[in-house]
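Have a look at the structure below before the remarks.
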Amino acid sequence: MPQPAPCPTRALPDSFFDRDAQVLARDLLGKIIRHRHGAYWLSARIIETEAYYLDEKGSHASLGYTEKRKALFLDGGHIYMYYARGGDSLNFSAQGPGNAVLIKSGFPWVDALSDSNSLAQMQLNNPDASGRMRPAERLCAGQTLLCKAMGLKVPNWDARRFDPERLFVEDCGIIVQHIIQTSRLGIPEGRDEHLPLRFVDAEYARYCTRNPLRRGQIEGRDFTFLTQGH
């Protein structure tokens, strides 16, 4: 069985995550998640994030500290995973107790470290409901699809730190020029569902969980463009 290639040197340090959740959510766009899965490094470019704060009702942390939620109350750079809609979800703690960023969706990333074999493994990990291979652009188009494609599981990573030999986020030098800011998805009514704490890489808007530029959406009412995002 082939061995994984050596991990790169541009893994983000824990200090990168120890910042305000909105700043972190924006700056994570364009970064690459790498997860070693058997013989391969599975990778995805982050294209959609959501910020969460302790003092707003949409966050898990607002429900109070529990052992299950402890990663949210640790310093920036801890991994918080939970089950949602029958699948796994990936979050990173940010600066301040209870603050975090949800990785809402991604886009498969292919390069020298994560080649076509890695992409094929991601497709095997995440077939569609009929068992057929998903198109690459839909593999990570949602928080649970992302985790399934990348083989990320709650029991393996919840409340852990990044591990450069197994799971990390890398800066590959991508500059995201245009970011869409809009409201988060799946927040129950009355739990601060209106807050504009969702951030989307405009270049990949059609591949995220729900396209904020879809028909009927109006700039200034439903979303805002942030230019020169980094």
Side-chain angles (χ1 to χ4, degrees), residues 12-29 31 33 44 46-106 140-148 150 152-162 167 169 179-201 208-212 217 221-224 226 229:
L12 296 173
D14 292 338
S15 59
F16 176 90
F17 300 87
D18 196 27
R19 295 185 291 160
D20 176 82
Q22 287 187 69
V23 173
L24 178 59
R26 294 193 298 267
D27 282 358
L28 279 168
L29 296 176
K31 302 300 188 288
I33 301 174
I46 299 172
I47 65 170
E48 180 184 15
T49 58
E50 291 181 347
Y52 288 87
Y53 292 94
L54 173 65
D55 60 358
E56 49 92 1
K57 298 175 184 177
S59 71
H60 287 193
S62 69
L63 302 173
Y65 178 93
T66 64
E67 185 65 18
K68 176 63 189 75
R69 301 187 197 113
K70 68 179 180 181
L72 294 174
F73 294 87
L74 298 173
D75 56 317
H78 279 84
I79 298 163
Y80 171 58
M81 292 194 71
Y82 64 90
Y83 296 109
R85 306 174 189 88
D88 307 81
S89 293
L90 178 68
N91 305 254
F92 305 140
S93 65
Q95 186 177 71
N99 305 330
V101 173
L102 168 65
I103 307 304
K104 194 71 176 175
S105 63
C140 305
Q143 64 199 69
T144 59
L145 293 176
L146 169 75
C147 289
K148 189 172 183 181
M150 297 196 69
L152 293 167
K153 300 291 186 181
V154 171
N156 297 335
W157 289 107
D158 186 38
R160 300 282 297 276
R161 283 284 197 186
F162 296 104
L167 174 64
V169 182
I179 295 173
I180 303 164
Q181 182 173 4
T182 185
S183 56
R184 296 171 300 188
L185 301 175
I187 306 295
E189 185 176 355
R191 297 199 65 85
D192 292 327
E193 71 280 4
H194 64 288
L195 294 176
L197 297 178
R198 177 178 168 228
F199 301 91
V200 176
D201 182 340
C208 71
T209 308
R210 182 188 299 168
N211 188 350
Q217 299 299 289
R221 184 195 71 183
D222 301 303
F223 65 88
T224 302
L226 307 177

*asked:* Taking the side chain as everything from C-beta on, heavy atoms only, tell me whether Leu195 gets closer than 4.5 Å to Ile187.
replied: no

*How many angstroms lie between atom NZ of Lys104 and atom CD1 of Ile46, to the nearest 0.5 angstrom?*
14.5 Å

*Tell me, yes or no, whether the heavy-atom count around Lys68 atom NZ, taken from other residues, nucleotides or ligands under 6.0 Å, exceeds 12.*
yes

*From CZ (Arg26) to CG (Asp201), nearest 0.5 Å*: 14.0 Å

*Thr49 pairs by side chain to side chain contact (heavy atoms under 4.5 Å, CB included) with which of Leu29, Leu24, Leu102, Ile179?*
Leu29

*How long is the span from the CZ atom in Phe17 to the OG atom in Ser93, to the nearest 0.5 Å?*
9.0 Å

_I'd like to know whether CZ of Arg19 has more than 12 heavy-atom contacts from other residues, nucleotides or ligands below 6.0 angstrom._
yes

*Non-hydrogen side-chain atoms of Tyr65 and Leu54 separated by less than 4.5 Å*: no

*Non-hydrogen side-chain atoms of Gln143 and Arg85 separated by less than 4.5 Å*: yes

*Side-chain heavy-atom pair Leu28, Phe16 within 4.5 angstrom cut-off*: yes

*Out of curiosity, Thr144 OG1 to Leu152 CG, how far, rounded to the nearest 0.5 Å?*
12.0 Å

*Would you check if Asn91 and Glu50 make a side-chain contact, meaning some heavy-atom pair closer than 4.5 Å?*
no

*Quick one: closest heavy-atom pair of Lys70 and Ala159, and the distance?*
CE-CB, 3.7 Å

*side chain to side chain contact (heavy atoms under 4.5 Å, CB included) partner of Ile79, chosen from Leu90, Leu74, Asn156*: Leu90

*Determine the minimum heavy-atom distance between Glu193 and Gly190, stating which atoms define it.*
OE1-N, 2.8 Å

*asked:* Strictly below 4.0 Å, N to O, side chains only: are Arg161 and Asp75 in salt-bridge contact?
replied: yes

*Could you check if a side-chain atom of Gln22 sits within less than 4.5 angstrom of a side-chain atom of Phe199, using non-hydrogen atoms only?*
yes

*Please name the pair of heavy atoms, one in His78 and one in Ala71, separated by the smallest distance, quoted to 0.1 Å.*
CB-O, 4.0 Å

*Determine the minimum heavy-atom distance between Ser105 and Gly142, stating which atoms define it.*
CB-N, 3.4 Å

*Rounded to the nearest 0.5 Å, what separation is found between the NZ atom of Lys153 and the SG atom of Cys147?*
9.0 Å

*Could you give the distance from NE2 (His194) to CD (Glu189), rounded to the nearest 0.5 Å?*
12.0 Å

_Minimum heavy-atom distance between Met81 and Asp88, given as atom pair plus value_ = CE-CB, 3.8 Å

*Check whether any side-chain heavy atom of Leu72 sits under 4.5 Å from a side-chain heavy atom of Tyr52, and report yes or no.*
no

*asked:* When you compare the side chain of Glu48 with that of Val200, does any pair of heavy atoms fall below 4.5 Å?
replied: yes

*Please determine which of Asp20, Asp192, Asn99 meets the side-chain hydrogen bond (donor to acceptor under 3.5 Å, both in side chains) test together with Tyr53.*
Asp20

